[in-house]
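Take a look at the structure set out below.
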Amino acid sequence: MSIQVSGLYKHFGQFTALNNVSIEFPSGGLVALLGPSGCGKTSLLRVIAGLQRPDAGTITIHKRDVSGLDIRQRQVGFVFQHYALFRHMTIFENVAFGLRAKPKATRPDETTIRQKVNRLLELVQLEWLADRYPAQLSGGQRQRVALARALAIEPQVLLLDEPFGALDAKVRKELRRWLRQLHDELHITSLFVTHDQEEALEVADHIVVMNKGQIEQIGTPEEIYHAPKTEFVYQFVGSSNRIYAADRGYTFTRNENALNKLYCRPHDFNVHTEPQEHGMPVNVVRKLPLGNIIRLETYSHAPQQLVEVELASHDPIINLIQPADEVWLVPKKVSQFA
Ligand SMILES: Nc1ncnc2c1ncn2[C@@H]1O[C@H](COP(=O)(O)OP(=O)(O)OP(=O)(O)O)[C@@H](O)[C@H]1O
């Protein structure tokens, strides 16, 4: 079921949260809405869900204009950051809730509800917890129940708002992998909001990068990372250093308006311990071992500006570099934006 939004505007007083957003989300995809805090990700998701009315624009779910419909009629499954499970109901009853709440004419009978809920609990691997209450579950387990509950109504689309935001790093990682697998099994068109670039790159098959209520770029994780179309996308997804082309090689400057502004990723420098004709001299301040990479925090001379450099931890040059040393950086690859 593809989702198409066209000419969406959403204002809060003077503030424009969505500024003429038009986009089509592919059928069966798992798409991440990525962007900094306040860029409008949640607003877009809520407008698609029918939880919020746009000031202008249309929303079509599988060729059906749902703009005037309320959330129930849109058949969307919604999962929030804070698992809003019913505390007084067992896990089984939480998942069954959406089915029991259906109008009588479309409500399944009790046997069908039981079968369906058991199947969903199996899918999220929690059937053994069916009789417990939410308070007796871990955060990750509760979030899986929230997902099973959203899936119970057989949604046309699944919308997830920072679904793993409240969980610790390890559980988040597990659940990401698990969401990807679940999606590969069910193929429900799914959108999830995240401000975590790693999460978007790891889980999504397409990423929509948003900034100030508008869409900056849509693409596969590879396209977003390796072929960013704007300066904003380059800086937001992945680490970057800003450098400037000088007459001879490159240099650093604080001048925001300098011409020939370029960007270089930390792993895209060659590091030399001897002066290089087109190299930039910097001083090493720190050498941080980060597993399979070593990060060098270095500072350019004048003006002083932090430049991050990453080398493979097995690179032999590592042993020749100590804090306070002067080294010369030669960019291997730079990016420039109009
Ligand atoms: N009900 C509201 N009343 C007033 N302003 C709002 C309301 N909801 C959202 N906003 C504003 O609209 C902007 C976009 O909010 P939104 O929640 O869509 O951002 P977001 O990208 O999801 O951010 P975050 O990652 O912090 O959740 C923000 O600046 C926010 O302050």
Side-chain angles (χ1 to χ4, degrees), residues 30 33 41-53 61 66 69-168 170-172 174-179 181-183 185-186 188-194 199 203:
L30 178 53
L33 298 178
K41 310 178 291 287
T42 297
S43 299
L44 179 56
L45 205 70
R46 292 175 69 86
V47 164
I48 293 172
L51 289 164
Q52 220 156 40
R53 290 244 164 222
I61 298 180
V66 298
L69 304 182
D70 72 20
I71 182 164
R72 276 226 223 158
Q73 295 166 307
R74 289 189 194 190
Q75 262 188 290
V76 295
F78 210 95
V79 180
F80 298 90
Q81 174 171 1
H82 295 285
Y83 20 78
L85 298 180
F86 303 116
R87 289 166 50 201
H88 60 285
M89 286 186 191
T90 63
I91 299 311
F92 184 96
E93 288 304 325
N94 262 283
V95 177
F97 180 81
L99 298 171
R100 295 204 199 286
K102 282 191 170 201
K104 213 165 182 181
T106 54
R107 193 185 311 154
D109 62 39
E110 190 56 30
T111 317
T112 313
I113 290 179
R114 299 220 143 253
Q115 281 172 350
K116 202 159 179 187
V117 172
N118 285 329
R119 215 169 42 238
L120 282 164
L121 285 174
E122 262 171 48
L123 192 68
V124 299
Q125 296 152 15
L126 290 178
E127 64 276 29
W128 56 291
L129 294 176
D131 296 329
R132 292 221 195 148
Y133 287 87
Q136 298 168 306
L137 266 54
S138 72
Q141 289 168 337
R142 276 183 236 172
Q143 206 56 314
R144 278 149 61 191
V145 176
L147 204 54
R149 195 177 57 176
L151 292 171
I153 58 156
E154 295 183 5
Q156 299 189 65
V157 297
L158 189 60
L159 306 175
L160 308 118
D161 190 359
E162 302 249 9
F164 313 135
L167 305 170
D168 73 48
K170 191 159 176 283
V171 179
R172 269 182 92 120
E174 261 173 45
L175 284 191
R176 274 184 216 166
R177 222 185 347 256
W178 173 86
L179 176 65
Q181 281 167 2
L182 190 75
H183 183 266
E185 234 169 273
L186 301 178
I188 298 178
T189 307
S190 307
L191 311 186
F192 75 100
V193 163
T194 181
E199 187 160 289
V203 178

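Computed from a predicted model, the values in this text were never measured in an experiment.
- More than 12 heavy atoms of other residues, nucleotides or ligands lie within 6.0 Å of CD in Glu110, so this atom counts as buried by the packing criterion.
- Remark: Asn118 CG to Ile113 CD1 distance equals 11.5 Å, nearest 0.5 Å.
- With values rounded to the nearest 0.5 angstrom, Leu126 atom CG is found 11.0 Å from Leu120 atom CG.
- In terms of heavy atoms, His183 sits closest to Ser190 at CD2-OG, 3.5 Å.
- Note: Leu44 CG to Asp161 CG = 10.5 Å, rounded to the nearest 0.5 Å.
- The shortest side-chain heavy-atom distance between Leu147 and Leu160 falls under the 4.5 Å cut-off.
- Looking at every heavy atom in both residues, Gly77 comes nearest to Pro155 through N-CB, 3.3 Å.
- One N or O on the side chain of Asn94 and one on the backbone of Met89 form a donor-acceptor pair closer than 3.5 Å.
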### Task
Test side chain to side chain contact (heavy atoms under 4.5 Å, CB included) on Leu158 and Leu186 and set out the steps.
CA-CA 11 Å; Leu158 189 60; Leu186 301 178; over 6 Å; no
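- Counting only heavy atoms from C-beta outward, the side chains of Val124 and Val95 never approach each other to under 4.5 Å.
- Within the 3.5 Å criterion, the main-chain N or O of Ser138 finds a donor-acceptor partner in the side chain of Gln141.
- Residues Val203 and Thr194 have side chains not in contact (no heavy-atom distance under 4.5 Å, counting atoms from C-beta outward).
- Under the 4.5 Å side-chain criterion, counting only non-hydrogen atoms from C-beta, Val76 is not in contact with Ile48.
- For the side-chain contact (heavy atoms from CB on, under 4.5 Å) test with Val66, the passing option among Gln75, Arg74, Gln73 is Arg74; the others fail.
- Taking CG from Leu191 and CG from Leu33, the interatomic distance works out to 5.5 Å, rounded to the nearest 0.5 Å.
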Run Val145 and Leu129 through side chain to side chain contact (heavy atoms under 4.5 Å, CB included) and show every step you take.
CA-CA 10 Å; Val145 176; Leu129 294 176; over 6 Å; no
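- Rounding to the nearest 0.5 Å gives a distance of 11.0 Å between OG of Ser43 and CG of Leu51.
- The two residues Leu123 and Glu185 come nearest to each other via the heavy atoms CD1-OE2, 3.2 Å.
- Considering CZ of Arg149 and CD1 of Ile91, their distance stands at 10.0 Å, rounded to 0.5 Å.
- Salt-bridge formation is not detected for the pair Glu174/Arg144: no Lys NZ or Arg NE/NH1/NH2 atom is positioned less than 4.0 Å from an Asp or Glu carboxylate oxygen.
- With sequence neighbours excluded, the residues satisfying side-chain hydrogen bond (donor to acceptor under 3.5 Å, both in side chains) with Asp109 are Thr112.
- Side chain of Gln181 to main chain of Trp178: no donor-acceptor pair is present (N/O by atom type, distance under 3.5 Å, no hydrogens or angles).
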Chi angles and distances behind the side chain to side chain contact (heavy atoms under 4.5 Å, CB included) call for Phe86, Glu93
CA-CA 9 Å; Phe86 303 116; Glu93 288 304 325; over 6 Å; no
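- Between Val79 and Phe192 there is no side-chain heavy-atom pair separated by less than 4.5 Å.
- Glu199 pairs by the salt bridge (Lys or Arg N to Asp or Glu O under 4.0 Å) definition with Arg172, Arg176, not counting sequence neighbours.
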